[in-house]
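Worksheet: one structure, shown below.
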Amino acid sequence: MTRPAILLLAALPFLAAFAPAPPSAETIAANQAVAEALPLSDQADFTDARRGKVAELSAPILTAEGAVVWDPAALEFLAGVAPATVNPSLWRQSVLLAEHGLFEVVPGMWQVRGYDLANMTLIAGESGWIVIDPLLSVETARAGLALANETLGARPVSAVLFTHSHIDHFGGVGGLDMAEGTPVYAPHGFTEAAVSENLLAGPIMARRAALMFGATLPWGPRGQVGVGLGPGLSNGATSLAAVTNEIGPEGGTVVIDGVTFAFMDAAGTEAPAEFLFYLPEVNALHMAEVTSGTFHNALTLRGAEVRDTLAWSKVIDAALRRFGADADVVLASHHWPTWGAEAVTDYLANQRDMYRYVHDQTLRRANRGETMHEIAESLPEPDFAAEDFAVRGYYGTLQHNAKAVYQRYFGWWDGVPANFMPHPPAEEARRYVDALGGAERTAALARTAAADGDTRWAARLWNHLVFAGEGGSEAEEGLAAAYEQLGYRSESGAWRDYYLSAARELREGMPEPRGALGSADFLAAVPTAQLFDAMAVRFAPERAARTGFTVQFRFPDRDESLAMEVRSSVLIPRYGVDDPEAAATVTIDRADYDLLVAQQVTIPELAGSGRLTLAGDQTAVLALFGSLEAPTPQIAVVTP
């Protein structure tokens with residue numbers, strides 16, 4: 001069990017010092033305007049979030065070594081009126097997400113909420129628990145299941161369902177203590193999607209994820225208050241179980257441990273592989289992460305392929321038409337359920353409309369000539385967003401998602417020839433600083449912008465100075481201060497975390513990562529073809545001592561072969577190919593190769609123990625591995 005690359009930096013230890021600035025007058029005014037514009041006193045969500053609570057965990061969830069994985073007490077500051085350093089709408093969402101415990105949804109169905117980014121749903125089958133989405137961490141899943149067993153009576157796990165391919169919905173499966181042969185259900189394409197989304201770009205995604213989830217921020221009104229999608233990321237080990245039953249694109253009705261599931265495919269919406277399901281015996285609709293209590297990301301801040309908001313809206317509409325008239329409750333893998341036929345219909349309709357709105361209005365404006373940035377700046381909220389908190393931008397935002405829609409259709413370029421090949425950020429920054437009259441003049445303009453409350457422009461000016469390598473500590477502090485105020489105003493928990501984490505880095509430096517960028521446990525789930533594609537991404541032509549040869553790999557434990565051709569500029573992996581002209585042949589079990597990739601063993605160690613054999617030109621193997629660049633999590637993002 002391990003943390004895969006994308007989430008490794010989410011577990012960084014807190015830095016020793018933390019001294020954020022107070023809110024500016026402009027921040028106080030901006031947050032007050034939000035409070036006056038929204039019906040924040042509406043108690044309907046609070047009633048739903050607390051409904052059916054039967055038990056809770058009060059003590060921290062720990063690793064076997066005693067490290068804290070999740071501490072419910074850390075969120076106790078979330079009470080009362082929003083402080084001026086938190087957008088009051090985000091504060092309301094965070095207070096709701098701090099509600100934690102075991103909750104009954106309908107007879108025979110419960111949810112564990114508030115101990116991880118996602119929810120774990122438990123259904124009492126004929127012989128045991130049917131577990132849906134066992135959280136991110138092994139420790140939180142184990143603690144949640146133990147809470148259910150202690151409260152409701154002990155049951156074995158009779159089946160597991162992964163609704164989709166994001167790790168916060170399957171990483172804790174190792175904590176369920178499943179018996180051998182326990183069926184695991186997942187949507188078609190799950191395994192490939194689960195291990196591939198972050199594989200090729202793992203280091204930079206991990207780096208950005210650390211900023212997005214506020215990995216270095218302590219809990220509190222000037223730090224982490226929650227990420228909008230959930231209270232936060234747990235800090236435990238992750239795992240993956242092999243899928244035994246795949247639900248195809250046609251969906252269908254399946255009886256699992258005596259419970260009838262009507263599955264519907266949702267691939268290509270919030271995740272590449274996803275399903276939702278309806279339980280006709282209890283009239284409950286589980287929407288996985290296709291809907292939740294927030295407007296989601298069409299393009300996540302950590303980086304991923306742009307999601308299709310048009311297809312997303314159509315899947316929600318199909319679920320509404322197919323199940324909406326019969327459902328008495330709708331629940332999901334995040335947030336709290338919604339009860340009542342009319343409320344269910346309104347919830348689904350508004351969720352559908354939000355994704356359709358950002359899609360259609362972005363394209364309408366693009367088709368009349370507006371650029372990506374113009375659209376994002378001027379696109380108003382739809383009228384229903386002023387009353388329905390479940391479509392507000394606590395995780396994704398209307399501005400960011402409008403840009404994502406534009407990018408999906410038109411790419412990164414806005415059609416202006418001058419933007420074909422702008423200078424890299426640091427070079428462009430130096431030119432801007434010169435054009436503005438030098439470093440002192442740029443700093444003066446930034447000070448004036450900050451004093452006038454034009455925080456966005458102050459941030460841009462200070463950022464030019466930082467990336468130009470000029471302005472010294474004043475520029476870094478000025479940029480940090482601007483980021484802080486922007487974070488205090490953000491309704492999106494992810495935006496807030498990114499701003500405040502960046503501010504902290506500017507003051508204290510880039511944090512040291514903890515752990516490696518992968519392990520053999522997780523790599524074991526990666527198909528061999530994908531693993532060698534990731535290897536090819538690490539090829540550095542300038543490091544290659546020789547080219548124009550092929551190394552043959554054979555993995556006896558999986559009965560697999562792969563030929564890797566080393567060319568002058570690229571590596572070409574050919575899965576399933578045995579090349580008789582290969583310069584060298586490496587024979588090694590795939591399990592041992594995973595240890596080698598994870599840097600837990602060396603080639604000499606494996607060769608010395610007989611677990612690796614080399615035939616042919618051994619220097620070719622050394623040349624291949626010598627041409628690979630070691631990944632590093634220490635990637636500059638906030639600074640050049």
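Computed from a prediction, not measured in an experiment: that's the story for all the values here. Here, residue 1 is the first one in the sequence, and each next residue gets the next number.
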Close aromatic pair by centroid cut-off 6.0 Å: His335 and Phe389: no
Proximity of Tyr185 and Phe162 rings by center, below 6.0 Å: no
CZ on Phe275 to CG on Leu161, rounded to 0.5 Å: 4.5 Å
side-chain contact (heavy atoms from CB on, under 4.5 Å) between Tyr394 and Leu229, worked out: CA-CA 7 Å; Tyr394 300 119; Leu229 187 66; over 6 Å; no
Centroid-centroid distance, Phe295 to Tyr355, less than 6.0 Å: yes
Arg507, Arg489, Arg496 screened by salt bridge (charged side-chain N to carboxylate O under 4.0 Å, His left out) with Glu484, the one that passes: Arg507
Centroid separation Phe190 to Phe170 less than 6.0 Å: yes
Salt-bridge contact Arg460-Glu428 (side-chain N to carboxylate O under 4.0 Å): no
Verdict with reasoning, Val69 to Thr140, per side-chain contact (heavy atoms from CB on, under 4.5 Å): CA-CA 7 Å; Val69 174; Thr140 53; 3.8 Å; yes
side-chain hydrogen bond (donor to acceptor under 3.5 Å, both in side chains) between Thr27 and Gln485, intermediate numbers included: CA-CA 6 Å; Thr27 293; Gln485 300 305 320; 2.6 Å; yes
Salt bridge present between Arg92 and Asp45 (N-O < 4.0 angstrom): yes
Salt-bridge criterion met for Glu99 and Arg113 (N-O under 4.0 Å): no
Any residue meeting side chain to side chain contact (heavy atoms under 4.5 Å, CB included) with Glu370, in chain and number order, not counting sequence neighbours: Arg365, Arg368, Glu374, Ile375, Ser378
Distance-only polar pair, side chains of Glu289 and Ser333, donor-acceptor under 3.5 Å: no
Evaluation steps, side-chain contact (heavy atoms from CB on, under 4.5 Å), between Leu299 and Glu305: CA-CA 7 Å; Leu299 179 58; Glu305 293 182 4; over 6 Å; no
Option among Leu331, Thr163, Leu348 that satisfies the side-chain contact (heavy atoms from CB on, under 4.5 Å) test with Met287: Leu348
Stepwise ring pair (Phe, Tyr, Trp, His ring centres under 6.0 Å) check, His296 with Trp312: CA-CA 11 Å; His296 211 294; Trp312 203 331; 5.8 Å; yes
Verdict with reasoning, Thr269 to Arg307, per side-chain contact (heavy atoms from CB on, under 4.5 Å): CA-CA 6 Å; Thr269 57; Arg307 296 159 184 170; over 6 Å; no
Check: Ser490/Tyr499 side-chain N/O donor and acceptor closer than 3.5 Å: no
Ring center gap for Tyr115 and His100 short of 6.0 angstrom: yes
CZ/Arg456: more than 12 non-hydrogen atoms of other groups inside 6.0 Å: no
Contacts of Asp71 that satisfy side-chain hydrogen bond (donor to acceptor under 3.5 Å, both in side chains) - sequence neighbours left out: none
